[in-house]
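In each ligand, atom 1 is the first atom listed, and ligand 1 is the first ligand listed.
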Amino acid sequence: MTRPVAAPAALTLTQRPQWQALQKHAGQISSHHLRELFAADADRGERLHAEAAGLYLDYSKQRITDETLSLLLALAQACDLDGWIQAMFRGDRINTTEQRAVLHTALRAPRNEQILVDGLNVVPDVHAVLDRMAVFCDCVRRGAWLGHSGRPIRNIINIGIGGSNLGPVMAFEALRHFSQRDLTFRFIANIDGTDFTEAVQGLVPAETLFIICSKTFTTEETLTNAHAARAWCLQALGDEQAISRHFVAASSNAEEVIKFGIRTDNMFSLWDWDGGRYSMDSAIGLSTMLAIGPDNFRDMLAGFRAMDMHFRDTTANSNLPVLLGLLAIWNSNFLGAQTVAILPYEQYLKRFPAYLQQLAMESNGKHVTRDGTRVDYPTGQIYWGEPGTNGQHSFYQLLHQGTQRVPCDFIGFCRSLNPLGDQHHQLMANLFAQSHALAFGKTGQEARASGTPDALVSHCSFDGNRPSNTILAEQLTPHALGSLVALYEHSVFVQGVIWDIDSFDQWGVELGKILAESTATEMAKLNPSIPCHDSSTEALIRHYQQRREAAP
Ligand code: F6P
């Protein structure tokens, strides 16, 4: 069943009474400090939390009251959030501009589930690919997959960009603890030759396997790097036959994969109902499965699934992705925040902020609603961040005393995978201290009382009242990573539903791609005197060409 799309809403989002009630309410909230909200409710810290799929979300340090929550939930209801959630899980074509179903949740559905797209159950195909991936990974991991000259594969290089890089590299780093240490993993994304050159540094071609990860298999950067890899391999191995032992693909474009020279039995399929930034648990995760093994990969899928079921079946007021999404709407649309800081207190999650950047910003950086009307409210915040405690010695100054308010998501784990003395306690003490300091600040009076000289009191006081969420899990296992990623996937969707935008297309990346192609062609003509751009771009190209020609 296809969801009726683009039926003109009687009211635009900002005309809805629920939206206007929130606007009015935001005016009232601004006169309340988090200090007062906590003082007035001894149970606030216990009360304003939700727990599911192994994750504990504390949102008591958000600038909200019970009324804020009920107004946000009323807005969600008015936007038919539950209807959209059910439509996504059902496989309706909710990616309306591309007329596609949005079924990343099918990637972690159990074998016995039935999810129909155009009358066909997609779940058996998903499991068939997972099973083939498992056989392949087992073979490589036990050294039975031999390169062309008979040596076992020791190095795995993932070539892909966007979702075909950020998911794999984030998951590899996050789950490195569970990885097979005698295999080396590297990731190439950039068209900058440095990325390729450094990635193959010191590796022996006869022991190296390339995964060409590209849903479309037409992405310029990936194809260029794949051809460089082919040449690097053939130069050493000297035989076209070598390609079948040293190249595999994760793609939905069998025709192009074959054209490149990869056999279809070395190809792991993807589907048009799964977008690049939602694909780390599909065949795009082949490098992850090679690193951590099929069993751990399945644990990760179980984590995704646990959050999926929670999201689908739990009432909105205790639904983690719904709460996280609505709080993001509150902070950005009603309290004026433009960015979100992602602050994992876990070194293994060092690539998580970059991963979320694509997930959130490619999904929700949209300027028109589903029916093409320009929005009259901000959409899509800027996601950024670094692991704690490193960020504390860099940008936290602005978080605490800057003129912009940056809502923060702190992420921590109760047990370390690498206990070292009491370092984990220190790490977590820093996390708790930071969210406390942001919320409660330090008054001038407190600064004076702690001995700050009068001249420095204003410098050493902190306004506080800066909102944050804290997400805790027991330990960074594959299951926990799956739940955490699914939490953010769904919270991004919740925001898109409220904003009435298509969170699953990415038309905004097209213009730059097309212009880069034509610019490259023009530059190759080496005739800077023929004008084809604006005067700034012309001057830059001329400068670039002249300096290149002048170089020894
Ligand atoms: O250009 C954006 C994009 O389409 C992303 O959405 C996607 O993750 C990336 O490019 C890579 O695409 P592909 O997997 O098809 O190479």
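Between N95 and the choices E98, R93, Q99, the side chain to side chain donor-acceptor pair (under 3.5 Å) rule is met once, by E98. For the side chain to side chain donor-acceptor pair (under 3.5 Å) with R230, the lone residue among H246, Q235, E240 that qualifies is E240.
Between F136 and F268, the distance separating the two ring centers is shorter than 6.0 angstrom.
Between D505 and K366 a salt bridge is recorded (basic side-chain N to carboxylate O distance below 4.0 Å). Salt bridge status for R108 with D299: absent, with no side-chain N to carboxylate O gap under 4.0 Å. Salt bridge annotation for D281-R305: absent, with no cationic side-chain nitrogen under 4.0 angstrom from a carboxylate oxygen.
From the protein, the heavy atom lying nearest to atom 3 (C) of ligand 1 is E362 OE2, 4.2 Å. Looking at atom 15 (O) of ligand 1, its nearest protein heavy atom turns out to be T216 OG1, 2.6 Å. For atom 4 (O) of ligand 1, the nearest protein heavy atom (residue, atom name, distance) is K513 NZ, 4.1 Å. Among protein heavy atoms, atom 8 (O) of ligand 1 sits closest to G163 N, 2.7 Å. Of the protein's heavy atoms, T219 OG1, 3.6 Å lies nearest to atom 12 (O) of ligand 1.
For ligand 1, the atoms closer than 4.0 angstrom to any heavy atom of S214 are 13 (P), 14 (O), 15 (O), 16 (O). In summary, the atoms of ligand 1 found under 4.0 Å from a heavy atom of G162, numbered by their order in the structure, are 8 (O). Shown in contact with I161 at under 4.0 Å from a heavy atom are these atoms of ligand 1, numbered in order with element: 9 (C), 11 (C). Of all atoms in ligand 1, numbered sequentially from 1 with element shown, those under 4.0 Å from a heavy atom of K215 are 13 (P), 14 (O), 15 (O).
Looking at V200 and T208, their side chains never come closer than 4.5 Å, going by heavy atoms from C-beta outward. L323 places none of its side-chain heavy atoms less than 4.5 Å from the side chain of N469.
For atom 10 (O) of ligand 1, no protein heavy-atom neighbour is present inside the 4.0 Å cut-off.
Residue contacts with ligand 1 for V509 involve side-chain atoms from C-beta outward but no N, CA, C or O (heavy atoms, distance under 4.0 Å).
Residue contacts with ligand 1: Q358 is included, with a non-hydrogen atom under 4.0 Å away.
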